[in-house]
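Both ligands and their constituent atoms are indexed starting at 1 by order of listing.
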Amino acid sequence: MKILVIGSGGRESTLVWKLSQSDKVTEIYCAPGNAGTACYGENIDIAESEFDRLIEFAQEKNIDLTVVGLEQPLVDGIVDRFHNHHLPIFGPTRSAAALEGSKVFAKKLMSEYDVPTAPYEVCNDRDRLEEITSGKAFPYVIKVDGLADGKGALVIQNDNDLAQAIHEIYEDNKFGTAAEQVIVEDFLEGEELSVFALTDGKDYILLSPAQDHKRAFDNDEGPNTGGMGAYAPAPLGTPAVLKKVEEKVIRPVLKGMEERGAPFTGVLYCGLMIHAGEPWVIEFNVRFGDPETQVVIPLIKSDLADLLLSIAKGQLDASGFELYDRHGVCVILASEGYPGTYEKGKIITGIEQLFQSGKARLFLAGTKYDGEHYLTNGGRVMGVTVMSKSLNDAVLSAYQYIRVIEYEGKQYRTDIGFRALNKTIRDH
Ligand code: AMP
Ligand code: GLY
């Protein structure tokens with residue numbers, strides 16, 4: 001089988017690594033890829049947005065399966081374009097990707113199918129936003145409708161936050177057309193959980209429930225980032241909670257999408273708030289989460305290429321689907337200053353050593369190789385993943401391994417997994 005993966009993050013490094021483990025995979029390419037994807041496959045210098053060139057490449061190389069890592073090409077219709085050329089591709093069509101591409105679309109679908117989510121209002125302009133927020137009790141959340149690189153949810157705690165949000169949206173025009181519509185929704189209390197369903201539109205399988213760590217610093221302080229670490233399975237995702245997620249979220253959403261004529265295939269990422277054992281949807285994404293992928297994919301025992309190909313062909317084959325009975329943790333090493341401004345080009349040492357360690361998995365993200373050295377090249381530089389028999393062991397071991405990696409400005413959280421570990425301590 002010949003595979004093309006699209007994207008260039010730690011998520012894509014993980015996907016390329018796992019797919020390259022399959023006996024059936026003979027060639028694997030990544031466009032545009034990074035220094036990590038180059039360790040397991042061949043990078044192709046084509047951007048995620050260049051659909052014509054990607055299609056041409058897939059045709060020339062007789063690619064059997066294309067896997068799209070990131071949301072923008074999905075929302076822009078890459079799957080429809082590949083389908084037009086009869087090329088198998090894993091991911092939702094443009095109309096199904098609206099679940100992530102338009103928060104208004106997702107909210108309306110949830111209202112219609114009674115999926116638990118925060119009460120909300122839609123605003124089409126500044127006057128309406130000011131009207132809705134005037135006198136509204138804090139905290140609440142303002143969200144722009146369209147894609148905003150994970151920065152489109154603004155938690156409003158006070159008048160200053162509100163003034164700043166209005167300024168960013170309507171004066172700085174920071175979100176562009178993504179903010180043509182804006183949602184105001186109630187603040188949900190609870191603990192966050194990421195649940196991934198691989199689906200052909202009707203049938204689905206769940207990966208290990210994971211927990212991300214969005215804030216930059218320990219104790220969930222500092223600004224929101226793309227994610228500073230993750231672990232799975234998160235004990236918060238008990239069998240009872242997952243059953244509710246299936247019954248109240250996944251099944252109604254798949255039914256709703258089918259009834260709208262936009263059956264959802266690919267990975268449905270449910271971003272949830274769990275409160276008193278009940279799931280509430282914060283958002284949907286239509287691709288694998290990063291960094292969650294860096295733990296949930298290594299926890300899959302089965303052949304991922306077979307699984308994703310079966311979905312791309314419209315018939316999920318979950319026979320023999322198996323997860324490792326292990327706990328995984330991923331700690332992200334970032335550049336100093338991330339998620340704000342940071343410098344690039346710092347020499348990284350210890351990568352080869354860690355690759356040889358055998359126990360830790362290294363998923364490079366914002367890293368490039370200049371032929372001599374590995375250099376930092378982005379905000380999230382790499383993820384170090386360890387799987388072990390207990391979360392505690394995995395965490396301790398991951399923090400040992402990351403000491404091997406050195407570069408100027410190495411920034412990471414020292415408390416990945418703390419919620420689950422605190423729970424374990426409390427339970428004993
Ligand atoms: P989103 O871009 O929708 O994933 O939101 C980013 C982050 O903002 C989430 O991971 C939550 O931490 C927070 N958030 C978003 N919506 C809500 C909400 N309704 N209540 C509480 N926190 C929220
Ligand atoms: N981990 C958050 C995301 O992938 O959106």
Any side-chain heavy-atom pair from Leu65 and Ile89 closer than 4.5 angstrom? no

Judged by modelled atom types alone, do Asn160 and Gln164 share a side-chain donor-acceptor pair under 3.5 Å? no

Around atom 22 (N) of ligand 1, find the nearest protein heavy atom and jot down its residue, atom name and distance. Phe187 CE1, 3.7 Å

Is Asp212 touching ligand 1 with its side chain, its backbone, both, or neither, if touching means heavy atoms under 4.0 Å apart? neither

Taking distance alone, with no angle check, do Arg11 and ligand 2 share an N/O pair under 3.5 Å? no

Which of the ligand 2 atoms, numbered from 1, are nearer than 4.0 Å to a heavy atom of Gly289: 4 (O)

Which atoms of ligand 1 have any heavy atom of Ala153 under 4.0 Å away? 1 (P), 2 (O), 5 (O), 6 (C)

Among Arg215, Arg413, His213, Lys214, side-chain hydrogen bond (donor to acceptor under 3.5 Å, both in side chains) partner for Asp220: Arg413

Ligand-side contact atoms (ligand 1) for residue partner Glu192, heavy atom cut-off under 4.0 Å: 9 (C), 10 (O), 11 (C), 12 (O)

Is it true that Thr265 and Asp200 share a donor-acceptor pair across their side chains at a distance under 3.5 Å? no

Among all protein heavy atoms, pick the one closest to atom 7 (C) of ligand 1 and tell me residue, atom and distance. Asn224 ND2, 4.2 Å

Tell me which protein heavy atom sits closest to atom 2 (C) of ligand 2, plus the residue, atom name and distance to 0.1 Å. Tyr269 OH, 3.2 Å

In terms of atom number and element, which parts of ligand 2 are under 4.0 angstrom from non-hydrogen atoms of Asp212? 1 (N), 2 (C)

Within residues 171-194 or reaching into it, pairs that qualify as ring pair (Phe, Tyr, Trp, His ring centres under 6.0 Å) - sequence neighbours excluded: none

Looking just at side-chain N and O atoms, do Glu100 and Tyr269 make a donor-acceptor pair shorter than 3.5 Å? no

Counting only heavy atoms closer than 4.0 Å, does ligand 2 sit against the backbone of Arg287, its side chain, both, or neither? side chain

Are any of the heavy atoms in Met273 under 4.0 Å away from ligand 1? yes

With heavy atoms of Glu283 as the reference, note each atom of ligand 1 found under 4.0 Å away. 1 (P), 2 (O), 3 (O), 4 (O)

Val381 and Ile348, any side-chain heavy atoms less than 4.5 Å apart: yes

Could you see which bit of Lys143 sits under 4.0 Å from ligand 1, with heavy atoms only: side chain, backbone, both or neither? side chain

Are any of the N or O atoms of Leu188 closer than 3.5 Å to those of ligand 1? yes

Take every heavy atom of Ser194, measure it against each atom of ligand 2, and state whether any distance is under 4.0 Å. no

Atom indices of ligand 1, in the order listed, that fall short of 4.0 Å to a heavy atom of Glu185: 16 (N), 17 (C), 18 (C), 19 (N)

Which of the atoms in ligand 2, numbered in the order shown and given with their element, are less than 4.0 Å from a heavy-atom of Glu292? 1 (N), 2 (C)

Ligand 1 contacted by Lys103 (non-hydrogen, < 4.0 Å): yes

Look at atom 23 (C) of ligand 1 and say which protein heavy atom is nearest, naming residue and atom and giving the distance to 0.1 Å. Val141 CG2, 4.2 Å

Donor-acceptor pair between Asn34 and Ser13 side chains, under 3.5 angstrom: yes

Would you say that more than 12 heavy atoms from the other residues, nucleotides or ligands in this model lie under 6.0 Å from the NZ of Lys368, or not? no

At less than 4.0 angstrom from any non-hydrogen atom of Gly226, what atoms of ligand 2 do you find? 1 (N), 2 (C)

What is the nearest protein non-hydrogen atom to atom 15 (C) of ligand 1, stated with its residue, atom name and distance? Ile282 CG2, 3.4 Å

Asp186 touching ligand 1 at heavy-atom level, < 4.0 angstrom: yes

Least distance between heavy atoms, Ala232 atom then Val295 atom: CB-CG2, 4.0 Å

Nearest non-hydrogen partners of Ser335 and Tyr407, listed with the distance: N-OH, 4.4 Å

If we ignore hydrogens and angles and just use 3.5 Å, is the side chain of Arg380 paired with the main-chain N or O of Gly227 as donor and acceptor? yes

Gln157: side-chain hydrogen bond (donor to acceptor under 3.5 Å, both in side chains) partners, not counting sequence neighbours: none

When you compare the side chains of Gln211 and Glu292, does any donor N or O come within less than 3.5 Å of an acceptor on the partner? no

Considering only heavy atoms of Lys214, which atoms of ligand 1 have at least one such atom less than 4.0 Å away? 10 (O)

